[in-house]
Amino acid sequence: MSSLSTNPYKGTRDYYPADKRKQNYIFGVWAKVARRFGYEEYGAPLLEPLEVYTAKSGQELVGEQTYRFVDRGDREVVIRPEMTPSISRMVAARRQEMAYPARLFSIANYMRYERPQRGREREFWQLNADIFGAEGVQADAEIITLGFELMKAFGAKPDMYVIKLNSRTVIDAMMHDYLGLDPIQAPLMVKLFDRKDKITNENFRDQAIEIFGVDGAKEGLAKLAQLLVAKGIEGLPKEIADNPAVEELASLFSELKTRGVVNAQFDITLMRGFDYYTGVVFEFFDTHPDNNRAMFGGGRYDGLVGLFGAEPLSAVGMAPGLSMMEVFLESHDLMPELASTTEVYVAVLGDNTLPGASKLTGRLREEGVNVELDFTGRKIDKQIKTAVKKHIPYVLFVGEAELKSEKYNLKDTHTGEEEAFSFERLVARIKDRRRKYSTDDDALFE
RNA sequence: GCGAAUGUAGCUCAUCUGGUUAGAGCGCCGGUUUGUGGUACCGGAGGUAGCGGGUUCAAUCCCCGUCAUUCGCCCCA
């Protein structure tokens, strides 16, 4: 009988305090920026009835990539693989009484049964930010700008990534009106576009011919060539350039420009997998050579709320993931050194000072300071080492002399500097530091 | 679901084509230093080589299975 494995379940991660610090940092920045844009936080259940996903998420996701089971009451349930259907359900349930446009965000975990790879796990965490009840390019532009500002808040420069843009209505116009594909051919061509970068030009051509069929192949390929040669939206063939959907996309680009989003570009091959997208789709794409891939994306999904029997409501949103964000920050060297939430480590010196040190610790806690007291009686260098190892920003030395004089030496573990403070100045100093680094935005009505 | 690579100490890796008690650096613990860490010196702990089976006088090394990780395909909220 072998002993129990310490490995976490396949595709999941353990978060020790050092990992949790990174996670909390990323969550903190996400929440802070989302709140800056007026988004409010919500939550949804971990489990949803199967039907919530079958309608629009795409067969692959529901059929093969979900964790699903039958509960004790014979209900088919699914561990949420994404948030969009859940929030659409929630909005549909309060369709009449919500205030629109509704700006909503959540930070939650999801599960998806698939092959784990770098930056892709079976349990993963995402920010979801969505606007409901706002049609048109203003809302699209805002969501994309929110993503841009998120990246900026992490210290990302615009040349570290690009924002690829396309539109499902433009795709439809390309497929049906321009290329003349029927409802069976069109989805095949969409899939082919999606993997264009992964296959050779010859393969692309051969597979395209297969889709067009012998009769339409020659004309089809000529038109296809004109599409693919288009660098920007202006380069599109005349036949679809004056399509309203293309005009809308053009105005989205100019909206983004006025908002300072300088790294957005039209990408005719950008498709995205979900069936529920109805308008603009976009993807934030890392340009770092070691991590050249899509980080996150989103788009417009105007049909989802209506599926729940409510009056249809327009919606646009996006969802950055934690692991991808971590990989991005680390490959661009943007992950800061993170401190413990414990602000002060009280090092106790001398034999009979513990009662006094303990009392002082209590007073600091009453002032709202996060304090850990070392009551082990170990040598001072061990106490300091422990504080450093735990990434605690300050060590406070408490010995007989300090208790008598009521002046305490506060050591900054990062810089090594040390300074003596009275109790009041001590508290002020620690709170200054907290104000500087905190991402907390809690508030009260007073 | 398919194809491939990898798995030796906490981490990064050695162990030359199978051969006595599997090594190093870093890290960890203790000491030099009974009121100040991250440098230096000294000492120490830690491995049934992912797991299971097979071949062999003998397996970390070869074979099979299994689990995990990574890469690619598929797919990507």
Side-chain angles (χ1 to χ4, degrees), chain A residues 1-13 16 18 52-53 56-66 78 80-88 106 108-122 124-130 191 194-195 198-199 203 270-277 281 283 285 290 293-299 301 304 317-324 345 347-351 353 374 377-392 394-402 408-418:
Chain A
M1 179 88 190
S2 62
S3 63
L4 288 171
S5 170
T6 56
N7 288 336
Y9 168 72
K10 185 183 174 79
T12 66
R13 283 184 57 185
Y16 292 88
V52 169
Y53 302 103
K56 279 278 182 177
S57 288
Q59 279 314 304
E60 176 92 20
L61 175 59
V62 179
E64 287 161 31
Q65 299 191 336
T66 52
V78 168
R80 61 185 173 201
E82 55 161 333
M83 190 56 108
T84 308
S86 298
I87 186 57
S88 297
S106 72
N109 55 341
Y110 306 91
M111 293 198 79
R112 212 166 140 190
Y113 194 86
E114 66 174 349
R115 196 82 168 198
Q117 277 171 33
R118 190 166 80 121
R120 213 166 88 175
E121 288 138 347
R122 286 187 169 180
F124 57 99
W125 295 77
Q126 284 187 340
L127 164 69
N128 268 77
D130 298 87
K191 296 257 182 205
D194 206 11
R195 59 176 186 269
K198 288 183 178 174
I199 60 181
N203 272 333
L270 176 67
M271 297 289 154
R272 292 188 68 74
F274 278 150
D275 292 345
Y276 54 57
Y277 287 122
V281 289
E283 226 158 56
F285 203 91
D290 296 343
R293 57 169 154 181
M295 292 186 289
F296 66 91
Y301 54 100
L304 223 39
M318 59 149 192
L322 175 72
S323 302
M324 284 294 187
Y345 193 87
V348 181
L349 316 165
D351 288 337
T353 43
D374 190 322
R378 289 176 299 175
K379 286 181 197 166
I380 186 163
D381 57 327
K382 300 296 172 210
Q383 298 190 48
I384 294 170
K385 269 191 168 179
T386 301
V388 169
K389 201 168 183 177
K390 292 187 181 195
H391 281 81
I392 296 171
Y394 294 115
V395 174
L396 187 69
F397 297 103
V398 181
E400 267 173 58
E402 286 80 358
Y408 309 95
N409 282 348
L410 187 71
K411 185 186 187 80
D412 183 318
T413 56
H414 203 245
T415 63
E417 282 165 23
E418 194 172 323

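Side chains included, hydrogens not; waters and symmetry mates left out as well; all remaining heavy atoms used.
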Response to the item:
If pairing means Watson-Crick or G-U wobble with both distances under 3.5 Å, then the partner of rC73(B) is rG1(B)
Fill in: Proximal nucleotide (of rG37(B), rG35(B), rG31(B)) relative to the Asp381(A) side chain
rG37(B)
Worksheet item: Considering only rA4(B), rC28(B), rC75(B), which nucleotide approaches the side chain of Gln65(A) most closely?
Response: rC75(B)
Worksheet item: Taking atom C1' in both rG72(B) and rU17(B), what distance in whole Å separates the two?
Response: 32 Å
Fill in: Identified pairing partner of rA45(B), criterion: Watson-Crick or G-U wobble below 3.5 Å
none
Practice prompt. Could you measure between the two P atoms, the one in rA40(B) and the one in rG27(B), and give it in whole Å?
Written response: 8 Å
Discussion item. Measuring only the P atom in each nucleotide, how far is rC51(B) from rG10(B)? A whole number of Å is fine.
Written reply: 13 Å
Item to complete: Using the P atoms only, state how far rC29(B) lies from rU39(B), rounded to an integer number of Å.
Response: 12 Å
Worksheet entry | Residues Lys385(A), Asp381(A): salt bridge by 4.0 Å N-O rule | no
Fill in: P atoms of rC61(B) and rG65(B), separation to the nearest Å
16 Å
Worksheet item: Quantified in whole Å, what is the P atom distance between nucleotide rA49(B) and nucleotide rC11(B)?
Response: 15 Å
Discussion item. Does atom OH (Tyr9(A)) have a neighbourhood of more than 12 heavy atoms from anything else shown, all under 6.0 Å?
Written reply: yes
Worksheet item: Given that both distances must come in under 3.5 Å, which nucleotide forms a Watson-Crick or G-U wobble pair with rU8(B)?
Response: none
Worksheet item: Phe397(A) has a side chain; which of rG3(B), rU69(B), rU36(B) sits nearest to it?
Response: rU36(B)
Item to complete: Could you tell me whether the side chains of Tyr394(A) and Asp412(A) share a donor-acceptor contact shorter than 3.5 Å?
Response: no
Worksheet item: Does any nucleotide pair with rC61(B) by Watson-Crick or G-U wobble geometry, both distances under 3.5 Å, and what is it?
Response: none
Fill in: Distance between C1' atoms of rA68(B) and rG52(B) (Å, rounded)
15 Å
Discussion item. Say we look at rC74(B) and rG18(B): how far apart would their C1' atoms be, to the nearest angstrom?
Written reply: 41 Å
Response to the item:
The Watson-Crick or G-U wobble partner of rU20(B), with both key distances under 3.5 Å, is none
Worksheet item: Across all strands shown, which nucleotide pairs with rU66(B) by Watson-Crick or G-U wobble geometry, both distances under 3.5 Å?
Response: rG50(B)
Worksheet entry | Check: Gln383(A) side chain, Arg378(A) main-chain N or O, donor-acceptor pair, under 3.5 Å | yes
Worksheet entry | Nucleotide forming a Watson-Crick or wobble pair with rA40(B), both distances under 3.5 Å | rU32(B)
Discussion item. Whole angstroms only, please: what is the CD1-P distance between Ile380(A) and rU34(B)?
Written reply: 12 Å
Worksheet item: Using a cut-off of less than 4.0 Å, is there contact between a side-chain N or O of Lys382(A) and OP1 or OP2 of rU36(B)?
Response: no
Discussion item. I want to confirm an ordering. Mapping His414(A) and Gly399(A) to their closest nucleotides on RNA chain B, which one lands closer to the 5' end?
Written reply: Gly399(A)
Worksheet item: Nearest-Å distance, NE2 (His391(A)) to P (rG37(B))?
Response: 18 Å
Fill in: Closest to the Ala401(A) side chain, choosing from rC75(B), rG35(B), rG3(B)
rG35(B)
Fill in: Nearest-angstrom distance from the residue atom CD of Glu283(A) to C1' of rC76(B)
8 Å
Discussion item. If you assign Glu400(A) and Gly11(A) each to the RNA chain B nucleotide with the nearest heavy atom, which residue ends up on the more 5' nucleotide?
Written reply: Glu400(A)
Practice prompt. Find the distance between NZ (Lys411(A)) and CD1 (Ile392(A)) and round it off to the nearest 0.5 Å.
Written response: 14.5 Å
Discussion item. Let's see if you can work this out: which of rC2(B), rG37(B), rG35(B) has an atom nearest to the side-chain heavy atoms of Ile384(A)?
Written reply: rG37(B)
Fill in: Rounded distance in Å - CZ (Arg13(A)) to P (rA68(B))
18 Å
Worksheet item: Does Lys10(A) put a side-chain nitrogen or oxygen below 4.0 Å from OP1 or OP2 of rU69(B)?
Response: yes
Discussion item. If you compare all heavy atoms of Leu304(A) against all heavy atoms of Tyr276(A), which two are closest, and at what distance to 0.1 Å?
Written reply: CD2-CD2, 3.9 Å
Fill in: Closest contact, heavy atoms only, Glu82(A) versus Tyr53(A)
O-OH, 4.0 Å
